[in-house]
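One structure below.
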Amino acid sequence: MKANQGRYEIILAGSGGQGLVLSGMMLAEAAILEGKNTVQTQSYGIASRGGLSLAEVIIDDREIIFQQVQEPDVVLALTEESLERYQALAGQGVPVFYDTTLARARSGANLFGHPFTRIASELGNSASVNILALGALAAACPIVKTESLEMVIRGRFRKEAAELNMKALRMGIGLVRGA
Amino acid sequence: MSHATGEKYLKNGVLPHMWCSGCGVGVMLGALVRAFEELDYRNSDIVVVTGIGCTGKADDYLTTNALHATHGRALPHATGIKAFNPRLQVVVLMGDGDSVTIGGNHFIHAARRNIDVTAIVVNNFNYGMTGGQVSGTTPGDSLTSTTAWGNPERDIDICALAEVAGANYVARETTFHGWELKEHIKEAMIKRGFSLVEVFSPCPTHFGRNNAMAEPREMLDWLKEKGLPRERYEQLNAEEKRGHFVIGKLVDRDAPDFNTRYEEIRARATKG
Amino acid sequence: MQGNQAMTEGAIYAGARFYAGYPITPSSEVAEICSRVMPKIGGIYLQMEDEIASIAAVVGASLAGAKAFTATSGPGFSLMQENLGLAVMGEVPCVVINVQRSGPSTGLATKPAQSDIMQLRWGRHGDQMVIALCPATVRECFELAVRAFNLAEKFRIPVILAPDEIVGHMRENFAVPEPGELEVIDRRGPSGPVDRYRPFAADGDGIAPLAAYGGDYVFHVTSSMHGPDGYSNNDPANAAWRVEQLHRKIERHLDEIVMTRRYDTDDMDVLLVTVGATTRSGRAAALEARRRGIKAGVLQLLTVWPFPDREVAALAERVRSVIVPEMNYSGQIAGEVQRVLGGGTDIRKVNSYNGQIITPQDILKAIVADSPCGPI
């Protein structure tokens, strides 16, 4: 990953119901707090739950013309299906973070597996998996400051939910930074 | 009290009207404008919404506000008008095609929503304007220009449909009973919520001619003889009931209408 | 902010206080936001029994004085056509958002398309005209929603705002303008004696003032052919006058209605004509082409109907070739460009009709293939 670049392209992939679109929105909101331009698009099937779901985020200092990710800087894959789709990117030097609870563990350069869903369940709410994974992503890549993500969480959620999500975010950060 | 003519709601110079001799739509229109007058409505307070068909031509003769809409869609147009301006008196004039055949879904949902409009349905048991084809209210076995060997389908009871769908007021009259019709229209207009007045009406040109009642008088006689107040109807045995129908007020209740409920929602939304 | 949300906020900014609709992917966010917001701002939200009823309620509310709108997608837009025709005939201002999805029929319900371009123009029976606008960014979603109401109210006509699903669901950083920042136009009501009001007597501008039910001016609106007074009229001369007037009120004001944007069109050899999200692919492709030494520019059609004939013709005159990328099989926009430019001009089509986005690479290939130097 290039350091301190002006533009980031991020793919968040998984299945419907995992909250990936929300993760994408929160990532973009954090970038907006830092004065960046953002575009978030989504691709989904007809099911509200299940099926391949995809959120793409582009963050740029300059105007974002084409709205889709073309050269991803980082990928998050929360299911086996989505990992199969994107794992080849790891070979091209793109860090691919994936969930070992739902996808088979792989070895290889740039493949980073963590049991996101299991940890989220242990935290008390498996629905916070999206935020936990976002924390890991943000800790690994300098896309946005983790403080900006914390601000977004505080702005979006009320008391207990904010507390839980903050915990999930920090747990995710800790997975990468080893806190 | 002087006799109401309803003249101030009628357009100068357009009479005589376009309906066939013996047709009942004009009787309905007469009852409607007299009802307006007796209720002392101003032309600017009233919106008459019409569909397409013989009854749908009624707005041509009126000097109130009017919207002549599309076939079967008069009720949703009226719903938009009333929802946005609850102070308006909204009357919807439809035939049996408009109301419960092509527009059946809107009819059900206008009643369910309990939107405060008065629907007047002139039921002449067939599509008059297009040449007497079968409609959703044509009785089984009747002959029409598209049921040459008899109607294989059953007819729908418009009043019963309005009742189960949630209308606050339902009445049925015939064009033989003009005074009663006017009185029911007045009650329906005063009633808050969805009101239906069904008007059984002769169509001697088509339905009558096809079913051995070609003379206007014959169809009127039929309506006069077969329409019975509920008490008398209930005294008949099952065999006798067939071919007769109930006239008069059928439903009268006071469930809150859409705009009343919406005001509650507004209060909740602005508080929360 | 999401495109669908920006259109909704734009509508409210423009003064919309009545929404009636029926849920359908990918437009449902508009309904959901309206259901939350309308009761708070004195407006009405109605979920009707179908799209036929939705546009009917919108027409009714508009005649009662509301700035009114609905939102839908392909199947629902098809159902709305008859009553949209009534809105044209009765000159009832209203806005319909059609978030274009992939067809035919139910098609790929969650995937984008630009295949309703001809339906926007010709979806209704009878000789008539509407205005249709296509945004490419979230900002344009907002600004064109305001514009759609302005045009609808000023010209007494339905305006269709037709983003593709990409734009409807895309989120970008965008802050809603302050009140007063964008122009908001209200319909012109009648003045003068109440008994002389004629709701279809066009004045010098080609448009008649419109009263609202419940005010002092009593008026008739009908789907049937009618005279200036709004009452049925079967006279052939009157019918001809009405049909002409419905067209001419638009034709006379093209300068005000037709909006386009140009990107790098001052010196170019290749012109891309684009609408909606394809504009973004086209712009990216044109920039890449310039890096490779091919002078390409983009003409974005913000107004797709009435078609920007003059704008297309003026730019096409200066180029070697014209490329039209669009998300349909038949080349609905390309056909219009061909009509404008005549048979002599070489128009290249780049089409996608599988629910997938046209990428800058797809367009670049067409640009490069067309280069006199051959593929680079």
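Throughout, protein chains are lettered first and strands after them, A, B, ... in sequence-line order, and every chain is numbered starting at 1.
- By number of non-hydrogen pairs under 4.5 angstrom with chain B, the leading residue of C:V58, C:D216, C:D50, C:L63 is C:D50.
- Residue contact with chain B, scored on non-hydrogen atoms closer than 4.5 Å, is absent for C:N233.
- Side-chain atoms of B:R266 come within 3.5 Å of backbone N or O of C:G43 as a donor-acceptor pair.
- A distance of 4.0 Å separates CZ of B:R73 from CD1 of C:I52, quoted to the nearest 0.5 Å.
- Applying the 6.0 Å contact sphere to CZ of B:R154 captures no more than 12 heavy atoms from other residues, nucleotides or ligands.
- Looking at C:Y217, only its backbone comes within 4.5 Å of chain B, counting heavy atoms on both sides.
- Contact annotation for B:R113: only side-chain heavy atoms (C-beta onward) come within less than 4.5 Å of a heavy atom of chain C.
- Scanning residues 75-91 of chain B against chain C with a 4.5 Å non-hydrogen threshold yields B:P76, B:H77, B:T79, B:G80, B:I81, B:A83, B:F84, B:N85, B:L88, sorted by number.
- Between chain B and the residues C:M48, C:R17, C:H226, the largest count of heavy-atom pairs under 4.5 Å involves C:M48.
- Within 6.0 Å of CD in C:E244 there are more than 12 heavy atoms belonging to other residues, nucleotides or ligands.
- Residue contact with chain B, scored on non-hydrogen atoms closer than 4.5 Å, involves the backbone and the side chain of C:F219 alike.
- Atom NZ of C:K40 and atom NZ of B:K271 lie 13.5 Å apart (nearest 0.5 Å).
- Proximity to chain B (any heavy atom under 4.5 Å) is shown, for C:A20, by neither the backbone nor the side chain.
- Interface remark: C:I44 contributes backbone and side-chain atoms alike to the contact with chain B (heavy atom separation under 4.5 Å).
- The minimum heavy-atom distance between B:Y262 and C:P39, with the atom names listed, is OH-CG, 3.5 Å.
- Taking 4.5 Å as the heavy-atom cut-off, the residues of residues 51-72 of chain B that approach chain C are B:I52, B:K57, B:D59, B:D60, B:L62, B:T63, B:T64, B:N65, B:A66, B:L67, B:H68, B:A69, B:T70, B:H71, ordered by number.
- Counting heavy atoms of neighbouring residues, nucleotides and ligands inside a 6.0 Å radius, atom CG of C:D235 exceeds 12 of them.
- When heavy atoms are compared at a cutoff of 4.5 Å, C:Y231 approaches chain B solely by way of its side chain, counted from C-beta outward.
- Counting heavy-atom neighbours within 6.0 Å of C:N234 CG, excluding the residue itself, gives a total of 12 or less.
- Comparing C:S232, C:G42, C:S223, C:S224 by heavy-atom pairs within less than 4.5 Å of chain B, the highest count is held by C:S223.
- When each of C:I41, C:V59, C:L46, C:V37 is checked for heavy-atom pairs under 4.5 Å with chain B, C:L46 comes out on top.
- Looking at C:M38, the atoms closer than 4.5 Å to chain B (heavy atoms on both sides) sit in the backbone and in the side chain alike.
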